[in-house]
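As structure tokens, the structure follows; a few thoughts come after it.
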Amino acid sequence: MKQQPAETEPTPLNRSFFDRSVHEVAPDLLNKVLVGPNGSGRIVEVEAYGGSDDPGSHAFRGPTPRTELMFGPPGFLYVYFSYGMHWCANVVTEPSGSASAVLLRALEPLSGVSGMYAARGRAKRDVDLCSGPAKLCAALGIDGDLNGLDLTQGSAVVRIVDDGVLPPADATATTRIGLSKGADLAWRYVVLNSPHLSRKIHP
DNA sequence: ACCGGGATGTTCT
DNA sequence: GAACATCCCGGTG
């Protein structure tokens with residue numbers, strides 16, 4: 001029987017991983033594994049948000065009840081309700097006082113796929129399960145009840161683990177999706193050639 | 001393939 | 001009252 005190179009038992013990413021610039025953390029999250037209540041998937045697309053220079057960030061105009069998590073310590077889950085229908089999940093980065101987060105935008109499903117189909121209703125193909133920020137939350141079972149969760153605890157129902165697959169050497173940065181402000185910033189990071197992206201890269 | 005519009009409700013001005 | 005870090009469906013070419 002085949003055995004993995006057993007280097008490290010997959011453990012959740014620790015606080016110091018997230019306690020860096022959002023622009024370092026975001027590309028480093030590519031190829032990590034997001035584990036949720038319904039299953040898990042490999043992260044293939046993220047977007048960076050934050051800083052006083054980013055008009056597309058929820059935190060741009062200062063802290064509000066909704067966004068206070070972005071101003072807090074790193075390593076926590078920030079879940080917000082989008083368009084009155086959908087949940088989207090972020091990971092808070094950078095030290096307290098520095099508001100930033102990484103939006104998790106697309107996954108390659110790994111485990112719990114049948115449960116993901118059940119949770120996603122009309123999805124017909126694997127590439128439809130987690131190819132968008134609200135799709136992946138629905139597929140994995142992430143909603144507002146999990147807002148503020150500490151991702152670095154081994155027992156957390158949502159965590160991000162490193163299974164030994166490195167971030168892609170050719171990680172590509174492109175413009176973010178769905179914004180009316182800050183749309184010029186190339187802060188979307190993707191695993192090139194993944195069929196699970198929310199949108200294809202326009203060449 | 002591309003494009004347009006509807007669903008649906010919280011958040012902040 | 002407007003805006004919104006989305007998704008899905010139905011039209012047309």
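Letters go in sequence order (proteins before strands), and every chain restarts at 1. Only a predicted model underlies this, so the values are computations on that prediction, with no experimental measurement involved.
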* Contact pattern, 5' to 3', of nucleotides 8-13 of chain C - B, S or - by protein heavy atom under 4.0 Å -> SS----
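- Residues passing the side-chain contact (heavy atoms from CB on, under 4.5 Å) test with A/Pro63 are A/Phe71, sequence neighbours excluded.
- A stem is defined here as three or more consecutive Watson-Crick or G-U pairs, each with both distances under 3.5 Å; for DNA chain C these stems are B:1-7 with C:6-12, B:9-12 with C:1-4.
- Using a cutoff of 4.0 Å between basic side-chain nitrogens and carboxylate oxygens, A/Asp128 and A/Arg122 are not scored as salt-bridged.
- Near DNA chain C, meaning a heavy atom under 4.0 Å from it, residues 102-114 of chain A has A/Leu103, A/Arg105 in order of number.
- Using a 4.0 Å heavy-atom distance criterion, A/Gly56 is classed as a base contact.
- Annotation: side-chain contact (heavy atoms from CB on, under 4.5 Å) contacts of A/Asp126 (sequence neighbours excluded): A/Val113, A/Tyr117, A/Leu129.
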Identify each donor-acceptor pair in which a side-chain atom of residues 12-19 of chain A lies under 3.5 Å from a protein atom, sequence neighbours left out, and give them as a table.
from, atom 1, to, atom 2, distance (Å)
A/Asn14, OD1, A/Ser16, N, 3.3
A/Asn14, OD1, A/Ser16, OG, 2.8
A/Asn14, OD1, A/Phe17, N, 3.2
A/Arg15, NH1, A/Pro74, O, 3.1
A/Arg15, NH1, A/Asp150, OD1, 3.2
A/Arg15, NH2, A/Asp150, OD1, 3.4
A/Arg15, NH2, A/Asp150, OD2, 3.0
A/Arg15, NH2, A/Thr152, OG1, 3.1

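- Remark: A/Arg66 is not positioned above the aromatic ring of A/Phe81, lacking an NZ or CZ atom under 6.0 angstrom from the ring centre and at most 45 degrees off the axis.
- Atom pair A/Leu179:CG and C/dA3:P shows a separation of 15 Å (rounding to whole Å applied).
- With sequence neighbours left out, the side-chain contact (heavy atoms from CB on, under 4.5 Å) criterion links A/His86 to A/Ser82, A/Ala134.
- For the pair A/His58 NE2 and C/dA3 P, the interatomic distance rounds to 15 Å; values are reported in whole Å.
- Of the possible donor and acceptor atoms, none in the side chain of A/Glu108 sits under 3.5 Å from a partner among the backbone N and O of A/Val44.
- Between A/Val158 and A/Gly36 the shortest heavy-atom distance is CG2-CA, 4.4 Å.
- Side-chain N or O atoms of A/Glu45 include none that pairs as donor or acceptor with a backbone N or O of A/Arg188 at under 3.5 Å.
- By the 4.5 Å heavy-atom criterion applied to side chains, A/Val191 and A/Arg42 are not counted as neighbours.
- DNA chain C is contacted by A/Tyr80 of residues 71-80 of chain A, taking any non-hydrogen atom closer than 4.0 Å.
- A/Asn38 places a side-chain N or O within donor-acceptor distance of the main-chain N or O of A/Ala139, the cut-off being under 3.5 Å.
- Residue A/Val161 shares its hydrophobic cluster (ILVMFWY side chains chained together at separations under 4.5 Å) with A/Val33, A/Val35, A/Leu110.
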* Asked: Which parts of nucleotides 4-13 of chain B does protein reach within less than 4.0 Å, heavy atoms only, written one letter per nucleotide 5' to 3' as B for base, S for sugar-phosphate only and - for none?
  -> ---BBBSSS-
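- Judged as a side-chain contact (heavy atoms from CB on, under 4.5 Å), and not counting sequence neighbours, the contacts of A/Ala26 are A/Val46, A/Ala48, A/Val102, A/Tyr189.
- In this structure, the side chains of A/Met116 and A/Leu140 come closer than 4.5 Å at one or more pairs of heavy atoms.
- Of the residues in residues 180-194 of chain A, those placing a heavy atom less than 4.0 Å from an atom of DNA chain C are A/Ser180, in numerical order.
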